[in-house]
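Keep in mind that the numbers below use all heavy atoms, side chains included, and drop hydrogens, waters and symmetry copies.
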Amino acid sequence: MAGHFRGTLPPASKSFPSLPQFSGFMKPCRFEGEVHHLEVRGTIPPELDGTFYRVMPDPQFPPFVDNDPWFNGDGSISAFRFHNGNVNFQQKYVRTEKFIREREAQRALGGKYRNKYTDAVEFKIRTTANTNIFYFNKVLLAIKEDAPPYALDPVTLETIGLCDFDGQLPSLTFTAHPKVDPITKELVAFGYEARGDGTPDVCYYTISPDGKFTEVVWIVAPVVGLIHDFAVTENWVLFPIIPQICDIDRLKQGGEHWQWDPKVPVYLGVLPRRGAKGSDVKWFRAPNAFPGHSTNAYETPDGKVIFDLPLTDKNVFFWWPDAEGNAPDPESIKAEYVRFTIDPKATDLELPTPEVILQSDMEFPRIDDRVAMTRHRHSFFDMMDPKLGTDFGVIAPVLGGGHPLYNSLGHLDHETGKLEVYFPGPTHMVQEPVFVPRSTDAPEGDGFLVVLVSNYATMSSELHIVDTQDFSSAKAIVLLNLRLRAGLHGNWVDAKEFAAE
């Protein structure tokens, strides 16, 4: 594919910069390969039969831009395959256009995070596919929300190619957090900046289990802000806008894609899930804050919508400050777990103050996906509680930086208010957990958490398997004996899914 250089490139560096996001545990791994029969401490529950996929940003070449953020790296997919008490491991990069062309050039060609005007060459599709890995309609979708997904073979991890759903994808972008309806098996998704960088257009769509688009609705957001995650109920779709704002003129001048705006409220778009027009959306408002990843949303018998998520009163993406350069101290950033109650038919578009359901600093919430879009009783998430006994003296010299830190997992029973905590150890930090039901007919929340854990004492990664019936200790610890840097999102695919093909 012909491209053109956009300016004089500095000489290609052969080493990564001495910055926290490229140092210690965060030093790029750049590993592809397989390891079979990983070492296991304890016993893998026999019910675990399937694959845990996750993705991490992992640059194959040192960047040529200054202070490149850690999540601007190339998408690298991990697959942990569970069967008969054994775990096998695979690791492979997504072969995006950027990855292939940089490998041919033997150097970095992509510039700043989501700013094509800083690239060395012109890309047809500019993405790193590094934010989520999602199984749908017999393929894995490697997704970053600035472009269509890349399709991968779920067995080999080989890249099949860019996925535009047989030409049906109406938008230029695709969310990193699509939702599957557990009843209809529809994929509910959207794209923001859907007509290109700096555009306020949002395109919402529903995809049938066999890949046909059945709903397409174009709406216009009140600001060009970050819509990283969203929520879906039986009858409604919710779009929370983070007040990180994109300005196309700033991009053209070589600036950052996002800039925090403390004067912009949190907007929450509420759209009918089926049969809607763009004019049907309502944009509710809440005071300036940073809404985190969505736990779930559901409807009450009286027609209200309940929406649970972490909420932070500061700019979580502190490396993208406001126009005056103001940014919070990272150690001061803490999220509360909140619940919004929304009347979709209200004419007053000011959202009521949310209920705080947990004050512990938490993020990356997950539920039992079998109850998605309906009332959930259980949620699981990462937590940071320094009182648990983390040995920061050991961790700090090899920590690296630029990514969130959580030292434990939480399990909240939303009916009783009981919080259970799993602490993996004093030299450990956890990444996003996934929940696996004990069986297809097990009660909600009865199963296992699978979570990748960074062990800073051994400088290696581990998988911890926690039984939700005994949250105090791990049922098994799988030793990778390799270091995987901080990742973003992942999902479990049961072996029955592959057997059904």
Trainee: Working note: C29 + M56, criterion side-chain contact (heavy atoms from CB on, under 4.5 Å); need CA distance, chi angles, decisive distance, verdict.
Mentor: CA-CA 10 Å; C29 306; M56 66 180 177; 4.0 Å; yes

Trainee: Any heavy-atom pair between the side chains of F99 and V94 that's under 4.5 Å?
Mentor: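 Heavy-atom side-chain distance check fails, nothing below 4.5 Å.
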
Trainee: Is N315 close to F290 at the side-chain level, that is, under 4.5 Å between some pair of heavy atoms?
Mentor: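 Yes, at least one pair of side-chain atoms sits under 4.5 Å.
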
Trainee: Does P62 reach the side chain of F16, with side-chain heavy atoms less than 4.5 Å apart?
Mentor: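 SC-SC contact between P62 and F16 confirmed.
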
Trainee: Just wondering, are more than 12 heavy atoms of other shown residues or ligands nearer than 6.0 Å to CG in D66?
Mentor: no

Trainee: Please round to the nearest 0.5 Å and tell me the distance separating atom CG of L157 and atom CZ of R95.
Mentor: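 So the CG of L157 and the CZ of R95 are separated by 10.5 Å.
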
Trainee: Would you mind reporting whether W260 and N288 have side-chain heavy atoms less than 4.5 Å apart?
Mentor: yes

Trainee: Can you name the nearest heavy-atom pair linking D58 to R30, along with the distance?
Mentor: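 Nearest heavy atoms, D58 then R30: OD2-N, 2.7 Å.
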
Trainee: What is the ring orientation for F364 with H293, classed by angle as parallel under 30°, tilted 30 to 60°, or perpendicular over 60°?
Mentor: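 Parallel.
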
Trainee: Give the ring-plane orientation class for F380 versus H378, where under 30° counts as parallel, over 60° as perpendicular and anything between as tilted.
Mentor: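 Parallel.
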
Trainee: What I want to find out is whether D229 reaches K179 closely enough, with some N-O distance under 4.0 Å, to be called a salt bridge.
Mentor: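 Result for this pair is yes, salt bridge flagged.
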
Trainee: Can you tell me how far apart NZ (K252) and CG (D197) are? Round to the nearest 0.5 Å.
Mentor: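 Going from NZ on K252 over to CG on D197, the span is 10.0 Å.
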
Trainee: Less than 4.5 Å apart, any side-chain heavy atom of T127 and any of Y150?
Mentor: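 Contact flag for T127/Y150 side chains = yes.
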
Trainee: Please state whether the rings of W283 and F239 are parallel, tilted or perpendicular, taking 30° and 60° as the class boundaries.
Mentor: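 Answer is tilted, since the angle falls between 30° and 60°.
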
Trainee: Tell me whether K112 contacts the main-chain N or O of E256 through its side chain, where contact means a donor paired with an acceptor under 3.5 Å.
Mentor: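 Side chain of K112 to backbone of E256: no pair is present.
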
Trainee: If every non-hydrogen atom of P328 is compared with every non-hydrogen atom of I333, which pair is closest and at what distance?
Mentor: CG-CD1, 3.8 Å

Trainee: Using every non-hydrogen atom in the two residues, find where F64 and A120 come nearest and quote the distance to one decimal.
Mentor: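 That closest heavy-atom pairing would be CZ-N, 4.0 Å.
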
Trainee: Does the side chain of L449 come within less than 4.5 Å of Y422's, by heavy atoms?
Mentor: no

Trainee: Taking salt bridge (charged side-chain N to carboxylate O under 4.0 Å, His left out) as the definition, give me every residue that meets it alongside R485, ordered by chain and number, with sequence neighbours left out.
Mentor: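 Listed in chain order: nothing, the list is empty.
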
Trainee: Give the table of side-chain donor-acceptor pairs shorter than 3.5 Å for residues 161-173, with sequence neighbours excluded, one pair per line with atom names and distance.
Mentor:
{"unit_1": "D164", "atom_1": "OD1", "unit_2": "D166", "atom_2": "N", "d": "3.3"}
{"unit_1": "D164", "atom_1": "OD1", "unit_2": "G167", "atom_2": "N", "d": "3.0"}
{"unit_1": "Q168", "atom_1": "OE1", "unit_2": "F213", "atom_2": "N", "d": "2.9"}
{"unit_1": "Q168", "atom_1": "NE2", "unit_2": "F165", "atom_2": "O", "d": "2.9"}
{"unit_1": "Q168", "atom_1": "NE2", "unit_2": "G211", "atom_2": "O", "d": "2.7"}
{"unit_1": "S171", "atom_1": "OG", "unit_2": "T173", "atom_2": "O", "d": "2.5"}
{"unit_1": "S171", "atom_1": "OG", "unit_2": "Y205", "atom_2": "OH", "d": "3.2"}
{"unit_1": "T173", "atom_1": "OG1", "unit_2": "Y192", "atom_2": "N", "d": "3.4"}
{"unit_1": "T173", "atom_1": "OG1", "unit_2": "Y192", "atom_2": "O", "d": "2.7"}

Trainee: Kindly compute the distance separating CG (L419) from CZ (F381), expressed to the nearest 0.5 Å.
Mentor: 5.5 Å

Trainee: Suppose we screen for side chain to side chain contact (heavy atoms under 4.5 Å, CB included). Which residues come up paired with K277, at least two apart in sequence or across chains?
Mentor: S279, D280

Trainee: About how many Å separate CG of N67 and CD of Q21, when rounded to the nearest 0.5 Å?
Mentor: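 The CG atom of N67 is 5.0 Å from CD of Q21, to the nearest 0.5 Å.
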
Trainee: Check residues 400-410 and write down every donor-acceptor pair under 3.5 Å in which the side-chain atom is one partner and the other belongs to a residue at least two apart or another chain.
Mentor:
{"unit_1": "N407", "atom_1": "OD1", "unit_2": "D385", "atom_2": "N", "d": "3.0"}
{"unit_1": "N407", "atom_1": "ND2", "unit_2": "D385", "atom_2": "O", "d": "2.8"}
{"unit_1": "N407", "atom_1": "ND2", "unit_2": "T390", "atom_2": "OG1", "d": "2.9"}
{"unit_1": "S408", "atom_1": "OG", "unit_2": "M383", "atom_2": "O", "d": "3.4"}

Trainee: Please name all residues satisfying side chain to side chain contact (heavy atoms under 4.5 Å, CB included) with E324, sequence neighbours left out, ordered by chain then number.
Mentor: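 E324: side chain to side chain contact (heavy atoms under 4.5 Å, CB included) contacts with D322, N326.
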
Trainee: So do the side chains of L484 and Q431 get within less than 4.5 Å of each other, counting heavy atoms only?
Mentor: no

Trainee: With sequence neighbours left out, which residue pairs that include part of residues 359-372 fulfil the salt bridge (Lys or Arg N to Asp or Glu O under 4.0 Å) condition?
Mentor: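 Residue pairs with at least one partner in residues 359-372: R366-E432, D368-R370.
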
Trainee: Is there a donor-acceptor contact under 3.5 Å linking the side chains of E145 and T175?
Mentor: no

Trainee: Run N132 and L141 through side-chain contact (heavy atoms from CB on, under 4.5 Å) and show every step you take.
Mentor: CA-CA 8 Å; N132 204 352; L141 300 177; over 6 Å; no

Trainee: Can E299 and N235 be counted as having a side-chain donor-acceptor contact under 3.5 angstrom?
Mentor: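 The answer is yes; a qualifying pair exists.
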
Trainee: Not counting sequence neighbours, which residues clear salt bridge (charged side-chain N to carboxylate O under 4.0 Å, His left out) with R483? List them please.
Mentor: none

Trainee: Only counting residues at least two apart or in another chain, list the ones meeting salt bridge (charged side-chain N to carboxylate O under 4.0 Å, His left out) with R375.
Mentor: none

Trainee: A297 and L238: which non-hydrogen atoms are nearest, and at how many Å?
Mentor: CB-CD2, 4.5 Å

Trainee: K304: which residues meet the side chain to side chain contact (heavy atoms under 4.5 Å, CB included) condition with it, sequence neighbours left out?
Mentor: T300, D302, T341, D343

Trainee: If you apply the rule side-chain contact (heavy atoms from CB on, under 4.5 Å), what do you find for H464 with V430, and how did you get there?
Mentor: CA-CA 9 Å; H464 289 215; V430 301; over 6 Å; no

Trainee: If you compare all heavy atoms of G73 against all heavy atoms of N130, which two are closest, and at what distance to 0.1 Å?
Mentor: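 Shortest heavy-atom separation between G73 and N130 comes out as O-ND2, 2.7 Å.
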
Trainee: Short question: side chain of D119, backbone of G111 - any donor-acceptor pair under 3.5 Å?
Mentor: yes

Trainee: Would you tabulate the side-chain donor-acceptor contacts of residues 266-275 under 3.5 Å, counting partners in other chains and residues two or more places apart, or write 'none'?
Mentor:
{"unit_1": "R273", "atom_1": "NH1", "unit_2": "D181", "atom_2": "OD2", "d": "3.2"}
{"unit_1": "R273", "atom_1": "NH1", "unit_2": "T233", "atom_2": "O", "d": "2.9"}
{"unit_1": "R273", "atom_1": "NH2", "unit_2": "D181", "atom_2": "OD2", "d": "2.7"}
{"unit_1": "R273", "atom_1": "NH2", "unit_2": "E186", "atom_2": "OE1", "d": "3.2"}
{"unit_1": "R274", "atom_1": "NH1", "unit_2": "E234", "atom_2": "O", "d": "2.9"}
{"unit_1": "R274", "atom_1": "NH2", "unit_2": "E186", "atom_2": "OE1", "d": "3.4"}

Trainee: Show the numbers, then the answer: is there a side chain to side chain donor-acceptor pair (under 3.5 Å) between H257 and E193?
Mentor: CA-CA 12 Å; H257 191 102; E193 292 184 68; 2.8 Å; yes

Trainee: Using residues 218-226 as the side-chain source, report each donor-acceptor pair under 3.5 Å to any protein atom, sequence neighbours left out, with the distance given to one decimal.
Mentor:
none

Trainee: In Å and rounded to the nearest 0.5 Å, what is the NE2 to CD1 distance from H414 to I367?
Mentor: 9.0 Å

Trainee: Restricting to salt bridge (charged side-chain N to carboxylate O under 4.0 Å, His left out), what partner residues turn up for D153, sequence neighbours left out?
Mentor: none

Trainee: Please evaluate residues T131 and H489 with respect to the criterion side-chain contact (heavy atoms from CB on, under 4.5 Å), reporting the C-alpha separation (whole Å), side-chain torsions for both, the decisive distance (0.1 Å), and the verdict.
Mentor: CA-CA 6 Å; T131 308; H489 299 291; 4.0 Å; yes

Trainee: Is there a side-chain contact between P59 and D68 in this structure, where contact means two heavy atoms from C-beta onward sitting under 4.5 Å apart?
Mentor: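 The answer is no; the side chains never approach within 4.5 Å.
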
Trainee: So which atom in L309 and which in S294 form the shortest heavy-atom distance, rounded to 0.1 Å?
Mentor: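 Looking at all heavy atoms of both residues, the closest pair is CB-CA, 4.2 Å.
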
Trainee: Distance check, rounded to the nearest 0.5 Å: I77 atom CD1 versus Y93 atom OH?
Mentor: 11.0 Å

Trainee: Could you point out which residue of F71, W70, W258 forms a ring pair (Phe, Tyr, Trp, His ring centres under 6.0 Å) with W319?
Mentor: F71

